[in-house]
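Presented below is the structure to which this report refers.
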2 protein chains.
Amino acid sequence: MEGYPIGQHKHITPPKAANREQRSEESRARILKAATSIFAEKGPEGARVDEIADQAGINKRMLYHYFGNKENLYLEVLRYNYNKIYTLSKNAINLADEPKVNVARAIRAYFYFLADNEAYVRLTSWEALCVGRFTGKLFPQFFDLIELEFDDLIKDGIERGCIRPDIDIRQAILSVRALCLAYFTQRKIVQSLWREDIFSEEMLEACLQHILNLIFDGLFI
Amino acid sequence: MEGYPIGQHKHITPPKAANREQRSEESRARILKAATSIFAEKGPEGARVDEIADQAGINKRMLYHYFGNKENLYLEVLRYNYNKIYTLSKNAINLADEPKVNVARAIRAYFYFLADNEAYVRLTSWEALCVGRFTGKLFPQFFDLIELEFDDLIKDGIERGCIRPDIDIRQAILSVRALCLAYFTQRKIVQSLWREDIFSEEMLEACLQHILNLIFDGLFI
DNA sequence: ATATTAAGTAACTGGTTAGTTACTTATATT
DNA sequence: AATATAAGTAACTAACCAGTTACTTAATAT
């Protein structure tokens with residue numbers, strides 16, 4: 001399990017740990033990666049442990065050795081993927097800039113993060129549906145825009161008189177999130193209806209612009 | 001066999017002893033209703049045939065008699081629930097009215113339809129995730145706003161100079177749909193974060209107003 | 001009334017799947 | 001080199017579940 005001799009020593013504890021520890025770490029990572037793809041594709045109910053082990057190229061026994069059981073593996077997958085949202089966070093806000101610029105930059109970052117992380121999008125969708133069923137409890141972290149300090153952005157915009165003061169910030173966040181997610185959660189339906197590759201560079205940019213226009217000015221004149 | 005089975009008391013005909021056709025129709029309806037609730041709750045993979053039969057108060061054999069197999073039952077559930085969208089459709093458009101009035105009325109009808117039909121919302125969500133997996137093919141009808149002739153509304157608005165002419169109608173429909181659905185698909189997360197009952201009359205109306213404001217004017221001043 | 005047919009039941013079947021057992025192989029420590 | 005421990009394997013098991021079988025009961029037509 002997690003038996004690194006951290007502060008403890010008898011003799012020199014050289015970075016020899018290499019081979020075995022390294023390989024075990026690799027196995028763990030391979031399982032997590034395979035599990036991500038299969039849980040994202042088929043959901044917590046549809047995913048099969050054997051298929052995950054197979055795709056990871058390890059024996060099922062090892063999966064249980066590293067992760068205990070299917071539910072815990074699923075939770076690890078959620079944690080592992082949720083952490084990815086932090087890779088973009090934080091640097092989106094620069095209070096020196098215009099609120100409009102800040103909001104546009106944050107939405108753009110979020111939108112392209114979703115475009116690049118299909119597994120993440122699907123995992124959040126499964127979670128929204130299965131909450132309280134498979135994992136037994138809710139994973140509120142998946143309400144990710146909050147983590148991006150998006151509400152600070154909006155507050156700043158209101159204070160500086162750029163954003164209408166009467167809006168409900170919680171609802172604004174939910175709306176932005178919904179607008180960005182829609183393209184990717186409805187991907188297959190959209191693709192079959194529009195008969196167009198949503199993931200082309202131009203199309204993605206057009207979708208993003210549509211969202212920004214809507215957020216900034218609405219649809220009406 | 002003999003005339004009357006001995007020892008078996010044949011009292012008055014049971015109260016439910018309507019004619020055969022009627023009872024069979026009732027059984028079918030009960031199965032469909034139970035299946036709707038369980039497929040909506042647990043999805044096509046998580047739903048159990050035994051549980052559906054149990055909840056419908058009929059024998060599993062009868063479920064197979066009426067619906068053939070689980071997948072076909074699921075398809076019937078989709079069809080049955082999808083048809084509900086027609087109950088509101090059509091009467092939303094009145095080209096004599098202002099486009100703004102028409103759009104507001106259509107969005108309001110759609111929003112409250114979703115609020116009143118949790119099963120419908122969840123079925124569309126499962127479909128978006130499971131498309132091409134459980135049913136083998138996609139159920140594009142679930143892109144429901146199109147059925148509501150919402151695009152005609154927007155076209156009318158553009159022609160009459162109320163709606164910006166540069167917007168992509170397909171994207172506008174997707175956006176409206178996403179904004180309305182978000183409250184209900186993310187219901188549990190929202191409820192736990194906001195610590196408020198989204199389904200109170202005031203809250204629903206506030207959410208709808210937020211959507212309408214966003215659609216009409218955006219968030220910025 | 002009797003034959004026919006549909007509605008209904010309980011118990012079973014065969015395939016699947018999460019999780020386990022009993023064992024072998026490789027690596028590190030003494 | 002011997003031993004301890006972790007990584008790894010194949011085959012198994014118990015539970016589950018979609019779908020079936022063999023049968024009984026009830027309603028309708030003749």
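First the proteins, then the strands, lettered A, B, ... as listed; each starts at 1. Being a predicted model, the structure only gives us computed values, none of them experimental.
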Starting from C1' on D:dC17, measure out to NZ on B:Lys70 and report it in whole angstrom. 8 Å
Among the nucleotides C:dA7, D:dG19, D:dT21, whichever has the atom closest to the side chain of B:His65 is C:dA7
Measure from CZ on A:Arg61 to P on C:dA18 and round the result to the nearest Å. 16 Å
Report which part of the nucleic acid B:Tyr66 touches: base, sugar-phosphate, or nothing (heavy-atom distance under 4.0 Å, all strands). sugar-phosphate
Walk me through it: do A:Arg61 and A:Tyr66 pass the test side chain to side chain contact (heavy atoms under 4.5 Å, CB included)? CA-CA 9 Å; A:Arg61 176 67 183 78; A:Tyr66 290 122; over 6 Å; no
Can you list, by residue number, the residues of residues 34-53 of chain A that have a non-hydrogen atom closer than 4.0 angstrom to DNA chain D? none
Within the distance-only criterion (no hydrogens, no angle test), does the side chain of B:Arg30 pair as donor or acceptor with the backbone N or O of B:Ile58 below 3.5 angstrom? no
How many whole angstroms separate atom CG of A:Leu63 from atom C1' of C:dT17? 13 Å
Students often mix this up, so state it plainly: with edges at 30° and 60°, are the rings of B:Phe184 and B:Phe111 parallel, tilted or perpendicular? tilted
For A:Asp50 and A:Arg48: C-alpha separation, side-chain torsions, deciding distance, then whether salt bridge (charged side-chain N to carboxylate O under 4.0 Å, His left out) applies. CA-CA 5 Å; A:Asp50 291 85; A:Arg48 295 290 163 243; over 6 Å; no
Test: B:Glu205 and B:Arg108 ion pair at under 4.0 Å: yes
Any salt bridge between B:Lys33 and B:Glu26, counting N to O under 4.0 Å? no
A:Glu127-A:Tyr74 side chain donor-acceptor pair, cut-off 3.5 Å: yes
Could you tell me how far apart B:Phe67 (CZ) and D:dA18 (P) are, to the nearest whole angstrom? 16 Å
N-O pairing of A:Glu45 and B:Lys42 below 4.0 Å: no
Do any N or O atoms of the protein come closer than 3.5 Å to N or O atoms of nucleotides 11-13 of chain D, and which pairs are they?
none

Separation of atom CG in B:Asp54 from atom P in C:dT9, rounded to whole Å: 12 Å
Would you say B:Ser27 reaches C:dA7's phosphate, i.e. side-chain N/O to OP1/OP2 under 4.0 Å? no
In whole angstroms, how far is the C1' atom of C:dA10 from the OH atom of B:Tyr64? 16 Å
Interatomic distance, A:Met62 CE vs C:dT25 P [rounded to whole Å]: 15 Å
Quick one: A:Glu26 CD to D:dA6 C1', roughly how many Å, whole number? 16 Å
Taking the six-membered ring for Trp, are the ring centroids of B:Tyr120 and B:Tyr82 within less than 6.0 Å of each other? no
